[in-house]
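Below you'll find the structure, written out as structure tokens, and then a few comments.
Order of listing sets the numbers, starting from 1, for every ligand and every atom in it.
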Amino acid sequence: MRKVIVSASTEYAVLIGRGLLAQLGTEVAKRIRPCKAAVITDTTVEKLYAEQAEQSLAAAGFTTCRFSYPAGEGSKHIGTLSDMLEFLAEQEITRQDIIIALGGGVAGDMAGFAAAVYQRGIRFVVPTTFLAAVDSSVGGKTAIDLRAGKNMAGAFYQPQLVLCDVDTLDTLPEEIFADGIAETLKYGVIGDAKLFAETASGDFREKLEEIIETCVKMKRDIVNEDEFDTGLRQLLNLGHTLGHSIEKNSNFTLSHGHAVAIGMHLIAKVAERSGLAEKGLAETIRQALLHNNLPTSTSYTAEEIAAGVLKDKKRRGGEISFVLPTKIGHCEIVKIPTEEVLDLVRTALA
Ligand code: NAD
Ligand code: GLY
């Protein structure tokens, strides 16, 4: 088992290994005395892993209850959050009890937000998608989507433990697994050329634990320095500003990871055409994405994408931050005036 310690406002361990779900109860019991555990999951993950998780918790002395919502980004809204909070209250969950997010990034983000606003309860995260393992389970960003855009309401709220059982990734459909590849390539472009090359080759399935650990360590280092996203952490938004708009334009029929893949390629084109990036960078990223069955382009117009970008929560008055890659392993955060956003998107699509 691999262990990474995050030292943000809360210090917690990220455990990565195989067969860990069976140890959920004992790992949680090392951190809190037996109490009520509300397991929050989606309808797909529920069928696959909820019983195993609950049995492990029960064996360690916890009393469990379960809330599940229809799988997918379409559930990441205030209605589901409201139902979740009502459920926690009906179950008489107190701040001495725990909330366990079992699932992908949607379960983690929503259960995390529920924990943050429901008596500021204690939360544990069990990521079951590759995307959640390498990115969303760590760092304490929690959120729901609003009609206006992605993750528009949320809170920073760190977990007490992240337990990543790599065996759970075996049941992921290829397309959903690929969402995690997009985020892994993102880490490579931001700061690790070796990770990029390994992931780009598509030949890393035997090394999943190592890849997850590498990404989590990178995120740990960034979050330890800038937990509240005022500087360095913005690097993690590579591909996200265009990606979030594309995801929203698709009415969330396009997954987050696929949208980020497109956003990453498009912003690399902008960086290259502006002379900031070395020549050939966008094509290198495009090939890495294509090799992993990820999309690199979109049929939305520049106007449609720019409109979504201008609503992005990263907008600050008359400016919006973009992460521009300069080479594999290095990116810069650049503030673009809002009146230049449409031109930037046109360059990205050209
Ligand atoms: P998700 O949670 O919707 O999971 C994707 C699909 O995979 C769902 O249908 C789910 O039921 C299914 N699934 C999950 N685990 C499975 C398994 N082991 N076997 C089979 N099917 C399984 O989405 P996601 O792609 O994991 O996460 C995307 C979300 O994460 C987005 O909302 C995004 O905004 C958020 N995100 C948050 C952060 C953060 O820092 N908080 C970072 C990146 C992404
Ligand atoms: N995934 C972006 C962040 O955690 O900051």
Verify whether one side chain among [X] and [Y] offers a donor that lies under 3.5 Å from an acceptor in the other.
| X | Y | result |
| --- | --- | --- |
| Lys141 | Asn151 | no |
| Tyr49 | Asp165 | no |
| Thr94 | Asp97 | yes |
| Asp226 | Thr230 | yes |
| Gln158 | Glu227 | yes |
| Glu46 | Ser68 | yes |
| His256 | Asp179 | no |

Which atoms from ligand 1 have a heavy atom of [X] less than 4.0 Å away?
| X | answer |
| --- | --- |
| Lys141 | 40 (O), 41 (N) |
| Leu48 | 19 (N), 20 (C) |
| Glu183 | 43 (C) |
| Thr44 | 11 (O), 21 (N) |
| Gly104 | 2 (O), 26 (O) |

Starting from [atom], find the nearest protein heavy-atom neighbour and note its residue, name and distance.
| atom | result |
| --- | --- |
| atom 13 (N) of ligand 1 | Val45 CG2, 3.8 Å |
| atom 38 (C) of ligand 1 | Ser136 CB, 3.2 Å |
| atom 33 (C) of ligand 1 | Lys150 NZ, 3.5 Å |
| atom 30 (O) of ligand 1 | Gly105 CA, 3.3 Å |
| atom 16 (C) of ligand 1 | Leu172 CD2, 3.3 Å |
| atom 31 (C) of ligand 1 | Glu73 OE1, 3.1 Å |
| atom 10 (C) of ligand 1 | Asp42 OD2, 3.2 Å |
| atom 9 (O) of ligand 1 | Ala71 CB, 3.6 Å |

Does [X] approach ligand 1 within less than 4.0 angstrom via side chain, backbone, both or neither, non-hydrogen atoms only?
| X | result |
| --- | --- |
| Leu131 | side chain |
| Lys47 | neither |
| His256 | side chain |

May I ask you to check whether [X] has an N/O atom sitting below 3.5 Å from an N/O atom of ligand 1?
| X | answer |
| --- | --- |
| Tyr69 | no |
| Thr168 | yes |
| Lys76 | yes |

| Spacing of Phe156 atom CZ and Thr142 atom OG1 [to the nearest 0.5 Å] |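 Answer rounded to 0.5 Å: 9.0 Å.
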Is the shortest side-chain N to carboxylate O distance from [X] to [Y] below 4.0 Å?
| X | Y | value |
| --- | --- | --- |
| Glu73 | Lys150 | yes |
| Glu272 | Lys269 | no |
| Arg18 | Glu209 | yes |

Relative to [atom], which among [options] owns the nearest non-hydrogen atom?
| atom | options | result |
| --- | --- | --- |
| atom 5 (C) of ligand 1 | Val134, Ile176, Asp229 | Ile176 |
| atom 2 (O) of ligand 1 | Val106, Thr43, Thr142 | Val106 |
| atom 17 (C) of ligand 1 | Thr171, Asp109, Asp135, Asn151 | Thr171 |
| atom 5 (O) of ligand 2 | Lys219, Gln234, Arg233 | Arg233 |

| request: Could you tell me whether the side chain of Ser56 and the main chain of Leu24 form a donor-acceptor pair under 3.5 Å? | output: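 Side chain of Ser56 to backbone of Leu24, a donor-acceptor pair under 3.5 Å: yes, one is there.
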| said: Tell me the closest heavy-atom pair linking Thr129 and Leu169, and the distance in Å. | reply: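 Thr129 and Leu169 have their closest heavy atoms at C-CD2, 3.5 Å.
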| said: So is Tyr49 touching ligand 1 or not, going by heavy atoms under 4.0 Å? | reply: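 In this structure, Tyr49 qualifies as a contact of ligand 1 - some heavy atom is under 4.0 Å.
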| Residue-ligand contact Lys219/ligand 1, heavy atom below 4.0 Å | yes
| task | Please say whether more than 12 non-hydrogen atoms of neighbouring residues, nucleotides or ligands are located less than 6.0 Å from CG in Asp203. | result | no
| message | I'd like to know if Asp135 contacts ligand 2, where contact means a heavy-atom distance under 4.0 Å to any ligand atom. | response |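 Right, Asp135 reaches ligand 2.
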| said: Tell me whether ligand 2 is touched by His240 - counting only heavy atoms on the residue side and a distance under 4.0 Å. | reply: no
| query | Which residue, Ile176, Thr168, Ile212, forms the side chain to side chain contact (heavy atoms under 4.5 Å, CB included) with Phe130? | reply |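 Output: one option passes, namely Ile212.
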| task | Only one of Val216, Leu15, Asp221 passes side chain to side chain contact (heavy atoms under 4.5 Å, CB included) with Val4; say which it is. | result | Val216
| request: Indicate yes or no: does an N/O atom of Asp229 lie under 3.5 Å from an N/O atom of ligand 2? | output: no
| query | With a cut-off of 4.0 Å, which atoms of ligand 2 are near a heavy atom of Lys141? | reply |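 Numbered from 1, ligand 2 contributes 2 (C), 3 (C), 4 (O), 5 (O).
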| said: Can you confirm if the NZ or CZ of Arg123 lies within 45° of the ring axis of Tyr118 and under 6.0 Å from the centre of its six-membered ring? | reply: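 No, Arg123 and Tyr118 do not form such a contact.
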